[in-house]
Amino acid sequence: MNVRLRRVLLVGIVVLFVAAAGLGCAKDKPKDQASSAPAPQAPVLAKTLNVYNWSDYLPEDIIREFEQEFGVKVNYDTYASNEELLAKLQMGASGYDLVFPSDYMVEIMVQLNLLEPLNHNNIPNAKHLDPNFLNLPFDQGNKYSLPYLWGTTGLAVNTAKVAEEITSWEELWNPKYKGKIALLNDSRETLGLVLKTLGYSLNTTNQEELQNAKKKLHSLLPSIKAFDSENMKNMMVSGEVWLAHAYVGDVMMAAEENEDLVYVLPKEGGVIWADNLAIPKGAPHKYTAEVFINFLLRPEISARIAEEILYGTPNAAAKELIDPEIAGNPAIYPPEEILAKCEWLQDVGEATKLYDRIWTEVKGY
Amino acid sequence: MESRNAFASHCCALMVYLFLYAPILVLILYSFNDAKYSAAWEGFTLKWYSSLLADRGVLAATKNSLIIAFVSTACATAIGTLTAIGLYKYTFRYKRLLEGILYLPIIIPEIIMAVSMLALFMFAGISLGLKTVIIAHITFSIPFVVVVVKARLYGLDASLEEAAQDLGANEWETFKRITFPLIRPGVIAGALLAFTLSLDDFIITFFTAGVGSTTLPVRIYSMIKLGISPMINAISTILLVSVVGLVLAVQKLEGSKLKINYKGG
Amino acid sequence: MSVMRDRQNPFTISTTAQALLTLLPGGIWMLALLVAPLGLILVYSFAQRGAYGSIIYAFTLENYLYFMDPLYLKILGRSFKLSIVTTIICLLISYPFALWLVKRCPRSRPIFLLLIVIPFWTNFLIRTYAWIILLRTEGIINNALIKLGLISQPLSLLYNQEAVLLGLVYGFLPFMILPIYASLEKLDWRLIEAAYDLGSKPWQAFVKVILPLTMPGITAGCLLVLVPSLGMFIIPDLMGGAKTALIGNLIQNQFMAARNWQFGSAASIILTVLVFFGLAIYWRVAKWAKQEVL
């Protein structure tokens, strides 16, 4: 065989072998990670902790403090939606020790057996949490999760362009604001607000109620500038829209750049939600994750988080320590009467397909 | 008439470049804007560039992106070029089937590729990390390289290769000195495409990345919810400027070589 | 070393060996890393859905039947229409540009080519956001036009179908330019000269000589634009205000919020099969017309 040709073949085979070897070396963990043997009895802090969180949802300096105090290196990755988190966890061991699913997502993950039960002995600081935020319908007994931050979904109003006081979701249908409104690109949240205006529960699975909601939302379509869950801030600050369906934290941040913006929680109530601390099944450093949770639940730490991220803290002891201006802000901490009207989003089970269909119909006319 | 055509042609090209670079200029401009969400110009600042140095997440992600892009482009271009040549030259029974399989990544939606690759890695017990992302990137880049190189191969004058063989060249020499130089623009175009695809991929990377192997697009996408800081504009600008600088430097170096090679025109 | 050489195969190794050498790496890679896992998607498409979205491995056709509904078929049709229009616009822009590029001196051609691709080394999201800054009601373009006195009311350049089209064309332009350029570049311009010598006008020379010879590049470009643009969902969401459902959004949604991987898989398979049908028809027609195909 020709020398040159032999060389080419050799190079080709070497490349393939290197690739195969690379893959082979990758198989360093045993396949069966989900149902691992019980951890050793004497809990030992691991060297690393893998945290998977929403972007900008945990101040860097707090992570540094934890690293210094406990000598643990924190690997921090971020995601942008509950569904992405779910998709990642659903396929198998993701390698993460701590995740921050929202309320309804906790319920789904528990049903799909994707979370580890928490060992509350390792989390004594949970006693600081406000009982109103414990034992919620999506995780009775807090077996798998503890609340981290909470908030509501309401309306962002540009007071420079909107003269009247906004108190109801119905204002979105006011022809004065045609082409100047934006809604969240989330089927549950948006259908939810429409259901609220019709006096229904936003967790309803009643066909008729949902069809009515669909018709009402459909009638609003020509007035909507855009469905957007992420860019509301930009649109409000620039004046592109005057009324926007938005999460309270987003509005607080936008208000820092445009003082005309205020947050309104309409009188019909809206969605109250919470992001929670949870440990995925098969997490390699479960004990360390629980230590970290305990660290985050320290009142001073929770207070600092709440002051920087501007969402509500479910930590009663922490709330005492927060800057009174923030603690007294009715946007972040709404009055009891309206809070009572708010609902937690719950998974609608079989009706998920129906919700998705209606959502597609609204957009696919 | 000639000059009028030429003028129209130049205008067309200029408009295309303006179109392509309009958002880029905006992007660069706003990396100096002293406002986080506002689109209005609030003043010149360098704070986003300095905050970049403090954000280890973004820097790590950028490093990962570049490593993945270079490695996957190299492999995909090599494999893709070989495959393109094979498909062009030889016919065999199930050729169309093989071509169909090759074109699959172009056809199927990205999320399908993402989910199926993740399923494969899970099934094979391969832990997620940088290498799984590289493998996934190579997989979706190969078809693009194949398509571009094949387009170049067609109409290649077969008599040139025959002539070389008649003159006594063996297959490797023929490839090295006749075929490859002729298809080189196609290979380069394919490589450029693969590099671009890899640098900017989000969905497939998201699903196949492991802890600590986040890339820039994944990091940026996760920032959407709370607002993309102009820091991202800053890093994009830096990346852009460095790559352009690198390319210009390479061109300068090649310049002296090119002068000799292009004597024949 | 003395070796038999014949007219058909003048090389030292057999044709089969050559074929294997070139095709095996790519073939094995794709088979292992693509076909196998896609089999899983096929399985998902025939599986049932648990109440919380879990996969129940019991055979059912319901996912496919669910798609056979005017709502989803309309979405599919709308997506194809949008992708076709995008492809045509890309072609109309790219071809003249490639013609211009090919006439530059050989030294500057790589630079001009690179300049096409470089914008796409910035992040996709940032580029899209930059377009939003340009196109919004109080954006750069509107402000400039108003300042120049050309319009009195801002134009609605964003959150509509036209904006989506702009975004798609922008995103896929290099995919059309590169293959067409690669094809044009190797054109023997003496053929054009010969055509002129034989009395044809520039337009005729273009249609009868240049166009047919660059067909492979054109079809490559069309393939690379038309097909991936079908699965696009980010641009319709960001630049179109997420007001219209396209097949890309639909499928994406099934894997995310709707937690219906089964339906998402079925929809994807349907889309893939349709595209393959289109390709097969094209191959048949091209063979019949004796065109060189990709």
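Every chain is numbered from 1, with letters handed out A, B, ... down the list of sequences.
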So, taking the atom named OH in B/Y30 and the one named CD1 in C/I140, what distance separates them when rounded to the nearest 0.5 Å?
4.5 Å
I'd like to know which of C/L114, C/L226, C/N143 tops the heavy-atom pair count under 4.5 Å against chain B.
C/L114
Check whether B/I106 gets within reach of chain C through its side chain, its backbone, both or neither, counting any heavy atom under 4.5 Å.
both
Considering only heavy atoms, which portion of B/L102 lies under 4.5 Å from any heavy atom of chain C: side chain, backbone, both, or neither?
both
Side chain proximity check, B/F19 to C/L173, heavy atoms < 4.5 angstrom:
yes
Using a cut-off of under 4.5 Å on heavy-atom pairs, state which of B/V115, B/I85, B/L98 scores highest against chain C.
B/V115
The interface call for C/I180 against chain B, heavy-atom contacts under 4.5 Å, is neither
C/T272, C/I177, C/L33: which one forms the most heavy-atom pairs within less than 4.5 Å of chain B?
C/L33
Using a cut-off of under 4.5 Å on heavy-atom pairs, state which of B/A13, B/A76, B/A119, B/G186 scores highest against chain C.
B/A13
Kindly compute the distance separating CG (B/L192) from CD1 (C/I118), expressed to the nearest 0.5 Å.
9.0 Å
For C/F276 versus B/G100, what's the shortest heavy-atom pair and its separation?
CZ-O, 3.3 Å
Under 4.5 Å from any heavy atom of chain B, what part of C/I132 do you find: side chain, backbone, both or neither?
neither
Can you tell me how far CG of C/L23 sits from CD1 of B/I79, rounded to the nearest 0.5 angstrom?
12.5 Å
Please flag which part of B/I203 lies under 4.5 Å from any non-hydrogen atom of chain C: side chain, backbone, both or neither.
side chain
With chain B, which of C/V117, C/L115, C/L134 has the greatest number of heavy-atom pairs at distances under 4.5 Å?
C/L115
Specify the closest pair of heavy atoms between B/L120 and C/A32, including all atoms of both residues, with the distance to one decimal.
CD2-O, 4.0 Å
Against chain B, work out which of C/P179, C/G231, C/P174, C/P228 has the most heavy-atom pairs shorter than 4.5 Å and name it.
C/P228
Using heavy-atom distances under 4.5 Å, tell me whether B/L197 contacts chain C through its side chain, its backbone, both, or neither.
side chain
Interchain contact, C/M256 with chain B, by part (heavy-atom threshold 4.5 Å):
side chain
Taking the side chain as every heavy atom from C-beta outward, state whether C/L34 and B/P105 have any pair of such atoms under 4.5 Å apart.
yes
is_close_aromatic(C/F120, B/F195), centroid dist under 6.0 Å:
no
Contacting moiety of B/I112, where chain C heavy atoms sit under 4.5 Å:
both
Between C/W261, C/Y181, C/F124, the one whose heavy-atom pairs under 4.5 Å with chain B are most numerous
C/F124
Please name all residues satisfying side chain to side chain donor-acceptor pair (under 3.5 Å) with B/T139, sequence neighbours left out, ordered by chain then number.
C/W29
Rounded at 0.5 Å granularity, tell me how far CD1 in C/I116 sits from CG in B/L20.
5.0 Å
Does any heavy atom of chain C fall under 4.5 Å from the side chain of B/A22, the backbone, both, or neither of them?
both
Pairs of heavy atoms under 4.5 Å with chain C: top-ranked of B/M15, B/M113, B/H10
B/H10
With heavy-atom distances below 4.5 Å as the criterion, would you say the side chains of B/L193 and C/L224 are in contact?
yes
Gap between atom CG of C/L38 and atom OG of B/S116 - 0.5 Å precision
4.5 Å
Heavy atoms, side chains only, cut-off 4.5 Å: are B/D200 and C/R127 in contact?
yes
Which bit of B/I101 comes within less than 4.5 Å of chain C, counting heavy atoms only: side chain, backbone, both or neither?
both
Measuring from C/M30:CE to B/I138:CD1, what's the distance to the nearest 0.5 Å?
11.0 Å
Who pairs with C/N249 by side chain to side chain contact (heavy atoms under 4.5 Å, CB included), at least two apart in sequence or on another chain?
C/F233, C/P236, C/D237, C/L246
Would you call the rings of B/Y17 and C/F112 parallel, tilted or perpendicular if under 30° counts as parallel and over 60° as perpendicular?
tilted
